[in-house]
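Just so it is clear: chains get the letters A, B, ... in the order the sequence lines come, proteins before strands, and each one is counted from 1.
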There are 2 protein chains.
Amino acid sequence: MSFIEKARRAQIVECAIETIAEVGYTQASLGEIAKRAKISKGVISYHFANKEELLEQITIEYYIAWQSYIAPRIEAQKSPKEMLRVYIESNLAFVAENRQHVFAVIELVSKNITADGKLQFSADHDEAVLVPIENILALGVQEGLFRKFTKSSARVMALTIRNAIDGFTMELMRKPHLDVQEYTRELVTIFDISTKK
Amino acid sequence: MSFIEKARRAQIVECAIETIAEVGYTQASLGEIAKRAKISKGVISYHFANKEELLEQITIEYYIAWQSYIAPRIEAQKSPKEMLRVYIESNLAFVAENRQHVFAVIELVSKNITADGKLQFSADHDEAVLVPIENILALGVQEGLFRKFTKSSARVMALTIRNAIDGFTMELMRKPHLDVQEYTRELVTIFDISTKK
DNA sequence: TTTATTTTAGTACAATCGTACAAAAAAATC
DNA sequence: GATTTTTTTGTACGATTGTACTAAAATAAA
């Protein structure tokens, strides 16, 4: 991949993120993205096989950024209790610090790209996201620090924590001036209490 | 409104719900809905001012059905603790019993109809949905049965409960054979513990 | 400098969709 | 039964979108 190729792809992806975050997925046509990037529509088609590839790139880069942010912070913790706290804290911090990218991905996921339009709420992806939480919970049970969780009750707990985080993201979209710190403290409290022995 | 008018509107709304729930919002064109209802596209235009009015009708009917299901069940409870339990239980039961309608509304809300395509996550609507939960929490604090909640920490708790319910709905979409009873029990447990004094 | 390759611009095309509309059919009214 | 109103059908139109394509421009190679 040439220098220009890489630079253009990066520029286009960046511009697509901004466009989707600002005007929403529906209005984010290739023409609109090109207009904002001040390039011709044909340039996008030249550097990306199709629109789907461009949008997928947004999601891919997002998950890489997310994982590089979250993983090391959790691994730095010793007790499951601290790991759960840091998981919540770092997720909310990541969202608050990368609003445009997060909002764009939410648009893409909720509007179900890659799919043929059918209902398909990215079943497999969600599993991968749940695993780290389930691991923390299992560890906490194993060490006798959390209350008893069966495999399936741990799954419900993991889903609930994930939903709380994703729900915070939505709330932040609605209320950009939200007090992130306070929201974080409350969520940590809620799930600290509800996992306690 | 004539008899035919009412019947046709009901039929079209019903068919639109089925279509959206089955093939997703993107594929649910007026042509597709008409085809499934075995009527001409023009009939829909005749009975509804535009597509937006048809889709709004789906949401309106949904909230009426939801409210008539939930409200009396909560009012039948005496203690805030029981009210919270019943709120969660009846919400999950309602979702499980009205999957198609719920899925259709989720499609509409997540794809943001009525809006001009811009990001606008129905801010006002969510407020109304949160109020009953916040009331239950306030009552529980007042009666000394729940732990201390400030106005804003009660709001976070209410949001978290709502997100848990909405997240359950998404999970049910992904996994139709989900054990609803068990999921319900777990959620009740989680929020019983985390509101306890 | 000349030639070859990559990159860009701009246009054209096919497909899709919501809506408008005219004529036919059905139902209601007298 | 005739007439008026309501309802339905089917088609056409304008707008939008992603993609294909051609020619021009820019860059790299010779």
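- The distance from atom CZ of B:R9 to atom C1' of D:dT8 is 17 Å, rounded to the nearest whole Å.
- Within the nucleic acid shown, A:V43 comes within 4.0 Å of sugar-phosphate atoms alone, with no base atom in reach, counting heavy atoms only.
- Contact annotation: B:H47 reaches the phosphate of D:dT8 (side-chain N/O to OP1 or OP2, under 4.0 Å).
- Between B:R85 and B:Q77, the closest side-chain pair of non-hydrogen atoms falls below 4.5 Å.
- Taking a cutoff of 4.0 Å between a charged side-chain nitrogen and a carboxylate oxygen, B:E53 and B:R9 qualify as a salt bridge.
- The distance from atom CG of A:L30 to atom C1' of D:dA20 is 13 Å, rounded to the nearest whole Å.
- For C:dT7, one of the phosphate oxygens OP1 or OP2 lies less than 4.0 angstrom from a side-chain nitrogen or oxygen of A:Y46.
- A donor-acceptor contact under 3.5 Å is not formed by the side chain of A:K51 with the base of D:dT19.
- Contact check, B:R8 against D:dT8: a side-chain N or O comes under 4.0 Å of OP1 or OP2.
- If you measure from atom CD1 of B:I44 to atom P of C:dA20, you get 14 Å, rounded to the nearest angstrom.
- Computed from coordinates, the B:K41 NZ to C:dG18 C1' distance equals 7 Å when rounded to whole Å.
- Using modelled atom types and a 3.5 Å distance limit, the side chains of B:R162 and B:Y87 yield a donor-acceptor pair.
- The distance between atom NZ of A:K35 and atom C1' of C:dA9, rounded to the nearest whole Å, is 17 Å.
- In this structure, CD of A:Q27 is placed 16 Å from P of D:dA15, rounded to the nearest angstrom.
- Residues A:E22 and A:Q100 have side chains in contact (heavy-atom distance under 4.5 Å, counting atoms from C-beta outward).
- Which of D:dT19, C:dA9, D:dT7 sits closest to the side chain of B:E5 comes down to D:dT7.
- Taking atom CG of A:N50 as the reference point, atom P of C:dA14 lies 20 Å away to the nearest angstrom.
- Looking at B:W66 and B:N98, their side chains never bring a donor and an acceptor atom within 3.5 Å of each other.
- If you measure from atom CD1 of A:I39 to atom C1' of C:dT11, you get 17 Å, rounded to the nearest angstrom.
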